[in-house]
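For reference, the structure is listed below as structure tokens.
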Amino acid sequence: MFSNKLSIEEFMLGLTKRNPHEPEFHQAVREVAESVIPFINQNPQYIDTRILERMTEPDRIISFRVCWEDDQGKIRVNRGYRVQFNNAIGPYKGGLRFTSNLTLDTLKFLGFEQTFKNSLTTLPLGAAKGGSDFNPKGKSDREVMRFCQAFMSELHKHIGPDIDIPAGDIGVGGREISYLFGQYKRLENKFHGVLTGKGLEYGGSLVRKEATGFGTVFFMDEMLKEHGESLEGKRCVVSGSGNVALYTAEKIIQLGGIVIAMSDSSGAIHVKEGMTQEQLEWLIDLKENRRGRIKEFADHFHCDFLPDSKVWPIPAQLAFACATQNELDIDDAKTLVKNGCIAVAEGANMPSTLEAAHFLKKNKVLFAPAKAANAGGVAVSGLEMTQNSMRLSWSMEELEDRLKSIMGRIHEQCLQYGKQEGQPVDYVRGANIAGFKKVADAMLAYGVV
Ligand code: NDP
Ligand code: 2IT
């Protein structure tokens, strides 16, 4: 056999050549390669079998036309995708994203990350991601319905409860999942758990809606405890005000933290004395039912609104990045450090640039990477699949306990590979190696496929 050591730069050169003009995919792979390649070099069974090359190539990419009619009777054409990345340890699993600027680059980075995240959940879940360049903002319910039906008319051929199980992500919440499920059921004449994040009336799971945010805070709590700290009384900033951000804020408040800022793409609110549970409930209603903007919160409760601002300049001890990719850059990281931030948790996928993540780590800020911190969402999706298969529903307490214990086990896996003498735990390395090992070993067991 050959067993030449792998070099990070040579590996990245090959990857960028094979996948030109995909900066987000390159970024996600580089982050993994930096911690996994040294591990691979100590474990030569992964070198000759070219496991990392295989793991960076999606199993398949499906791209399709989605044609629908708007309220004015005009024909609209969008593009739909499903990137089925890896099914070594379970059926393909991951969200659907609807945003006007969606590209295959974004979906490849998300599908790749999902492989490691789903492995960390301890559940049998493979990885996929999909979506469309359709923007649900400003569309009527009927337009969203017609779009979702057209989208599922093609997607249904490629998914199934033992094949690929999509869920929500940016721009895809309970309303969209309901339309998608209704159309799947109509086309296939089957009632089974082919999507997660479903309504509670038709096979959805309690705690799924809250799971990503709650899980992110549970992980932050574990990370703080491991380093002799706690959430109690800490001032927290949370970026975004969508599904992940809202339930991150809720759990922070429940565990005694103080939420002083949230945002959307138009700016940030600053609630100096900390948001109350009642104010948060008002915001959840605004966002989930009235599809409003965060500025309306500032108008209603007379707090500061900072137009076009991120939350990072507002001094806080804990930061939760829950909006979108690359929303926390090197300047933001410097601001956080200058203001005394002690820990950052990524509720969103890849919200920190590589430079920002390195800077935070160098300055001993505890850093919980997305694939560990936000895995609670897909984990409870996995529990929704279990309940669907068993044809029963677990209680809120049962599910929250299970979510908490899964986040604890993810934290333990990070410690296994991320502990270092006299330094804070390297959660990036821990999550990457633990996530990699399970999938890589399954792929090795299958032989050359
Ligand atoms: P939502 O669509 O519910 O909310 C997204 C939020 O992020 C909105 O407040 C949105 O504001 C804000 N946002 C989006 N783009 C930008 C931008 N460019 N600048 C500033 N703010 C922005 O999505 P989710 O909460 O579901 O997803 C948020 C993140 O969490 C994503 O990275 C997603 O991949 C990740 N994630 C989601 C999971 C889930 O279960 N939903 C699970 C794990 C990760 P606006 O309305 O103004 O656009
Ligand atoms: O990024 C993610 O993990 C999600 N959007 C959730 C995926 C899922 O299948 O629940």
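Values in this document were obtained by computation on a predicted structure and should not be read as measured data. Both counts, for ligands and for their atoms, begin at 1 and track the order of listing.
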Worksheet item: Are K139 and F98 in a cation-pi contact, defined as NZ or CZ under 6.0 Å from the six-membered ring centre and within 45° of the axis?
Response: no
Worksheet entry | Amino acids contacting ligand 2, non-hydrogen cut-off under 4.0 Å | K93, G94, G95, Q114, K117, K129, A167, G168, D169, R208, N349, G377, V378, S381
Discussion item. Quick check for you: to the nearest 0.5 Å, what is the distance between T353 atom OG1 and E327 atom CD?
Written reply: 11.0 Å
Practice prompt. Using distance alone, with no hydrogens and no angle criterion, decide if D164 and Q84 have a side-chain donor and acceptor under 3.5 Å apart.
Written response: yes
Discussion item. List the residues meeting side-chain hydrogen bond (donor to acceptor under 3.5 Å, both in side chains) with T103, not counting sequence neighbours, and say none if there are none.
Written reply: T106
Item to complete: Verify the distance criterion only: is there a donor paired with an acceptor across the side chains of W68 and N78 at less than 3.5 Å?
Response: yes
Item to complete: Give a yes-or-no answer on whether the side chains of K93 and T196 include a donor-acceptor pair shorter than 3.5 Å.
Response: yes
Discussion item. Apply side chain to side chain donor-acceptor pair (under 3.5 Å) to residues S241 and K287 and explain how you reach the verdict.
Written reply: CA-CA 7 Å; S241 49; K287 287 289 173 175; 3.2 Å; yes
Discussion item. Using a 4.0 Å cut-off on heavy atoms, what residues surround ligand 1? Order them by chain and number.
Written reply: R97, K117, K137, D169, I170, G171, R208, T212, G240, S241, G242, N243, V244, D264, S265, R293, C322, A323, T324, G347, A348, N349, N374
Practice prompt. Quick one: list whatever passes side-chain hydrogen bond (donor to acceptor under 3.5 Å, both in side chains) with N86, sequence neighbours left out.
Written response: none
Discussion item. For E412 and Q416, which I'm curious about, is there any donor-acceptor pair between the side chains at under 3.5 Å?
Written reply: no
